[in-house]
Each structure stands twice: as C-alpha cells, then as structure tokens.
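Below is one structure, written out as structure tokens; comments come after it.
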Amino acid sequence: MNDTLLDTLNPEQRRAVTLPDASALILAGAGSGKTRVLTTRIAWLIQQGRVSPLGVLAVTFTNKAAKEMLARLAALLPISTRGMWVGTFHGLSNRLLRTHWREAGLPQSFQILDHQDQLAAVKRLLKALNVDTEKYEPRKVQWFINANKEAGLRAHRVEAFDPHTRRLAELYAAYDVQCQREGVADFPELLLRAYELLERNELLRQHYQERFRHILVDEFQDTNALQYRWLRLFAGPQAALFAVGDDDQSIYAFRGANTGNMAEFERDYAQGRVIKLERNYRSHGHILDAANALIARNTRRLGKNLWTEDGKGERLRLFQGYNDQEEAAFVMDEIRQLERAGASLADMAVLYRSNAQSRVLEHALFSAGLPYRVYGGLRFFERQEIKHALAYLRMLTHPDDDGALLRVVNFPARGIGARTLEGLQERARAAGTSLWQAACTAPGKLAPFVRLIEDLKRAIDGLPLAEALAQVIALSGLEAFYKGEREGAERLENLGELVNAAALFEQEREETEAEGPLDAFLAHAALEAGEHQAEAGRDAVQLMTVHAAKGLEFHTVFITGLEEGLFPHEQSFAENDGLEEERRLMYVALTRARRRLYLTFAQSRLLHGQTRCGMASRFLDELPPGALLPLNRSVPVPAPYGAAALAKSEAGLQVGQSVRHAKFGAGVIVDFEGRGGDARVQVKFGQAGTKWLVLQYANLQH
DNA sequence: GCGTGACATTTTTTT
DNA sequence: AATGTCACGC
C-alpha cells in the first residue's frame, strides 16, 4: 500500500510528500501535480501513523477544491473522511464559530452576509446615519471595511490621518455595531472572528493547536494578510504547515492576496524546506517555452522554469482580425474544423480578459449552432427568488435579522411602503430593538406580515428541511407571485431546484454538526455559490475569463482580445505592479493549454458602444518568435496597428508614456481613440485625476 | 406604493 | 450595448 501511494510520483513530488513533520513550502508550477501532492501528503501522513485523520487541517479557497481533495482522499485511504477538517477558510471558520458561538460573542443562529447582503447592510447604515452617499459611496465603504478586516484591523486600529479616512473608520465601527446587533457576520468577519476567538481564548487555542499537528494549504499565493495570520495561529508553535502555491499564478492581488506571504513563510517557517515542482505533465514544449519566456520578464519572482519530457508539439497559432467580429468568426471556424476532425467541444476553451468580450464570441458560436457554455455570471444562490426564499427562512430561525426582514417584508407586495418602514425603523431605533421586535409590539399595517411569519413558524415546525422550505415558498406567496409573472417560470423552476438542494443537503449532512438543519442550510447557501446550472456536462465549448480558467486545462485554448488596453487591461497601467499581475494572468492563460494554443487579437473592437482601435498586446512581443506560427500573411506582430496607431505615431505618443500638460501637470497616457483631428488621449494626472483630452488642443509636452 | 425614464458606469472574483 | 441606480410623477 505504501508503495502504491508513492509509486507514480516523480522524485520531487515524492520528496514533498514524504517530508518530515515540519513546515515546508512547495512551489508548484502550473500542471505539476500540485493537488496530487497535497492529497497524497495527507494520505501518506495518516497511513504512516504520523497523524490521525482528525489531526489534519487542510485549507483551500474554493469549495470545489475542498470537495475534490476529500474525494481523492477517500479514494486513497480506507477511512471515512467525515469529521475531517478539510474546507475553505470561510467554511472552517464558520464551523469553529458555530461550535463556539457563545465564546465568540455571536448568537447561536447567526447569519452570514454574502457580498450583496453586505452592500445592502452598508446602504442601510449610511441611510440611518444620514451620510452623504456621494462622498461616501456604499461600494467604497464596503470595500474599505473588507480591506481592513482582511488586513486583520478592527475599526479602532485603522490608521486614519485625514478626515475622510477617519470618517470611514467611524462608519466601519458603526457597521460592526449594526452587524453585532443584528447577529450577522460578513465573509471577512468569519475569518477575523475565528482568529480573534482563538487569539483571546487560551483554552480553545491550546485545544486546537494540540489537535492539528499538520496544516496544509492550497493556492498559498492567494492568501491575504488575515488568512496568513489565521494559519499561523492555528499552527501555533508546533504544527507543521505545508504550503503549496505558485507565485507566478498569483492573480488576485486586486482583492487583497499578498504574494509576500510566500517569501515571509519561507523565511519564518520553511527555511531549507522549499521544494520546486517544475516538471509539467500538461502541455507540450512550445507552450511551456512561451509561458517561461513571458513570465521571466517579471521581477520579484521566486523563480521556476517548467519543463516537460513531451515533445515541442505545435507552435502557438497567431491570428490578427480586422475587428472583433472577424476574430470571433475565426475562432468559430477553427472550432468547427477541430470538431469535424473529431475533437471534443468540451475540451476547447475560449478565454478573454473581461466578461464584456464574451458577447461577440457567444453570438458567433450561437449563429454557428455550436453548443457553448459561459462560466461566471449570476450564481444559483444569488438569484433574487432564491434570496427571497432564504430570507423568509432566515426570519424563521433568526427574526432579528433586519436585512432579511427588509428583503421580504413587502415581497410579494403587501402594501408596506417606505413610509411604514420609516416608522418601523424609527420605533426600533427608539426602543433599541430589532425591526421584527418593533413590528411585533406595534403591528399596525405590519400585522399581516407578523401573522404570516408566525404562521410559517407553526407550519414548518417538525417538518424536514426540504418540506419546510416548500411550505415557506408556498405560504409566503412567492410561489403565487411567480406563477403570475410572465417570466416567472424559470424562477419557479429555480425555487424547485432549491427544495431539491435542501433535500440533498439534509441527506449528506453530517449529524455531528452543532447547529440545527435550518441554520446549517442557510450557512451552506451563503458559503457555497452553487456551481452547476443546466448546460453542465454537455459537450460544449467553454467560454470564460482567464481568472475563471485558473486550475483548469483544455486540449485547445483560444486566448482572445490580445490588445494593449484590454490584455493587459488599461486599468492595470496605473496600479502598482499592475502590469506584472497582468503578465501572471497571461501566464495562467497560456498554461491552460495541453496541445494547441491560439492567440488572437483585433485591430478594432466595439467596446462600451464605441469602436476602439488597439494595437497588439505587448505580451505577444514577449513570446519567443520560434514558438509562434503566424496565420496571417503579413505578420508584423510587434508593430502597432490601425488608425489609432497612426494617430499616435503622428503625434509621437503612446500608451504608458509620460506627458506634461500646462494646467494639469505631469501624467501618463493610459488610452487613446480616434484619428487625425479627432484623436483623443486619456491621461492619468497625479493631481487632476484621469481626463480625456483632444490631442489637437491639449498641447502635451513629452 | 409603484412604475417609468433619465442617468451614469462599466477588470478580474471567491467566500 | 447593457445594466443598474435614482428621482420623479401618478
């Protein structure tokens, strides 16, 4: 058994799997068998008797990755994976907080706010405090709160040197008070609360630190400051931290991921125990050569070079289209040819930098009658009918949840408008109670609603979860409402799907869990996006952003829209290290392909309702020419294209160039459009912000 | 209380 | 082009 576990591993992988009981950093390149090493390591540790299954803590970022890990473990070991702590940061934090809700200062049935719910809560707060939402945009306030929580900072510890930031910190403090009063926790709160719980409660800390002897983390390059501290706290002085990651695939810095964690981890924990997995089992040579050459341009890398024993394979096919439609038509033609040659559509992916680009591609595929599937977009548990049904459920288990009440109090419409609600909120504020309590004590127009909730409570008492949910959907009036809607059929279907999900959830649920089935299901709904929708499993071309493609692989990959300003995205030019992140993104895109890779771009494209001209992405210049196969007759790949390029060369300006304006001062060109007398450039100035200027009149110095 | 039209606002996304 | 937000009038 021991042998079979390690048999198929290469020497580096085996070395990683069989490391002693100490912390280590595994630098795992794309396609190097990262997940395999992680799961085999756990299996090996357990098999060797170095740790019991309950002494393992394995953390991932997505539920999908956690599930896959559990499935692989179950296949490797003759043990039950039930009760093992394998999950996402948020899922595990939730588990801890549900078990120790009292010590954590939370109500037993505390509810989890997803992104939407949180934004609604912030808006409500700003309104209650009479804050000018022009000056303090809800989204920005939300971002401020989350960024600080993810840095591990509570409101009183936020450093604020200017009045605006000070005010934001006050709002952050008020927001936390509101959440506490309502008994709800947003996503970063789960982690921060779990962290603080262990930090402050010595008994609990000792308990968990003694229990978890081996802590393993996947996608370590994506951890933020709080997650890293969370890991360190769980590990304590003794546990072995096994971190697997790839700094070259860090593409989430924009949401707080801190690649610096890897260097810090090496210094503080893994000194001398760093293993690089560089052998790639996925792609042919030309693809890897291209990826290696591209990523080599980034500074501050930990350094890795992928290699394969497979041959060079096909060169990367390069196509330039006249516009986005021609580009899409090309992609479609190639797909059709490949399909005719017997390739599976599901093994082809069309990637793009931003979601807006999918439309043209979808249109082309649709017209051609090729089945396709677009990833991203609205998730199951984020749909309004689902949120409504869940909000009713929340009212039943946790009536003090003001957000849930406001969501359903007048949906379906029952004549409770802004005026009534204002009165209700006023009374709640005066009495210092939740909206629900205020509604119960002075019902007035709200009486029917209060009665409805009470009736629902009685109706579902003792029912299994799925039946209870079906009752709620029927009795709340949601069902009748959507039956009457013209486009309600799909929503009704989704509600049916939700009942199914509840039934499935109850079936699979572990009985050992501390919380009731209702709370558990609501937490599940908040933490689990609800992956698959129709279309899944069918043989269809896969359309997705490069971000969404991370972790996946395909026989054939199309990387589209390779134009300056789009990929790399113009927004990145102004950001610190923005271009390096874009390059890592391109690296991720390249390494998704096993056998065939297409790189396409268009000279002009319709964006935000207007035609914009662009030139070929600099990333194309950064690939080794020998690995490329140009498909157009003339292929001046590095040369600029189109009218806009002309305008630029006329004026001697280009994107990324520093310029000076008489009034606005120093700035950097971030975009341009039009030609001749209409040519305009977008310049980001230090003081004056970002402005569009007509080239003819701007008189820019450079 | 609810429907309508003007208006801005557009990277990437998981939990 | 498309979507969400918001103020306004019925």
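Residue numbers begin at 1 in each chain, while the letters A, B, ... track the order of the sequences.
Here A/I416 lies in heavy-atom contact (under 4.0 Å) with sugar-phosphate atoms only. Using a 4.0 Å heavy-atom cutoff across all strands shown, A/D222 reaches no nucleic acid atom at all. Counting any heavy atom pair closer than 4.0 Å across all strands shown, A/A526 reaches no nucleic acid atom.
A perpendicular orientation is assigned to the rings of A/F187 and A/H90, their planes being inclined by more than 60° (bins at 30° and 60°).
Taking A/F366 as the reference, nothing meets the ring pair (Phe, Tyr, Trp, His ring centres under 6.0 Å) condition, with sequence neighbours excluded. Residues satisfying the salt bridge (Lys or Arg N to Asp or Glu O under 4.0 Å) test with A/D324, not counting sequence neighbours, are none. For A/F449, there are no ring pair (Phe, Tyr, Trp, His ring centres under 6.0 Å) partners, not counting sequence neighbours. Judged as a salt bridge (Lys or Arg N to Asp or Glu O under 4.0 Å), and not counting sequence neighbours, the contacts of A/D114 are A/K387. Shown here are the side chain to side chain donor-acceptor pair (under 3.5 Å) partners of A/T420, two or more places apart in sequence or in another chain: there are none.
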Heteroatom pairs (N/O) under 3.5 angstrom, protein to nucleotides 2-10 of chain C:
none

Please list, for nucleotides 6-12 of chain B, all pairs of protein and nucleotide N/O atoms separated by less than 3.5 Å.
residue : atom : partner : partner atom : Å
B/dT11  : O4'  : A/H569  : NE2          : 3.3
B/dT11  : O2   : A/R353  : NH1          : 3.4
B/dT11  : O2   : A/R353  : NH2          : 2.3
B/dT11  : O4   : A/E575  : OE2          : 2.6
B/dT12  : OP1  : A/N355  : N            : 2.6
B/dT12  : OP1  : A/N355  : ND2          : 3.2
B/dT12  : O4'  : A/R353  : NH1          : 2.9
B/dT12  : O2   : A/R353  : NH2          : 3.0

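Regarding A/L522, its CG atom lies at a distance of 18 Å from the P atom of B/dT15, rounded to whole Å. A/Q116 places its CD atom 14 Å from the P atom of B/dT14, with the value rounded to the nearest Å. Between A/F187 atom CZ and B/dT13 atom C1' there is a gap of 12 Å when expressed in whole angstrom units. Rounded to a whole Å, the CG atom of A/D117 is 17 Å from the P atom of B/dT14. Atom CG in A/L421 sits roughly 14 Å away from atom C1' in B/dC2 (whole-Å rounding). The distance from atom OH of A/Y375 to atom P of B/dT13 is 14 Å, rounded to the nearest whole Å. At whole-Å resolution of the value, CD in A/E219 and P in B/dT15 are 12 Å apart. A/F61 places its CZ atom 11 Å from the P atom of B/dT15, with the value rounded to the nearest Å.
Within the structure, the salt bridge (charged side-chain N to carboxylate O under 4.0 Å, His left out) test picks out the following pairs touching residues 119-131 of chain A (sequence neighbours left out): A/R124-A/E182. Pairs engaging residues 581-591 of chain A under the salt bridge (charged side-chain N to carboxylate O under 4.0 Å, His left out) rule: A/R353-A/E582, A/E581-A/R584, A/R583-A/E622 [sequence neighbours left out].
Using a 4.0 Å cut-off between a side-chain N of Lys or Arg and a carboxylate O of Asp or Glu, A/R300 and A/E580 do not qualify as a salt bridge.
Nearest-nucleotide assignment on DNA chain B puts the 5′-proximal partner with A/G415, out of A/G415 and A/E382. If you find the closest nucleotide of DNA chain B to A/A418 and to A/E150, the one lying nearer the 5' end belongs to A/A418.
A/N410 has a side-chain polar atom (N or O) that falls below the 4.0 Å cut-off from OP1 or OP2 of B/dC2.
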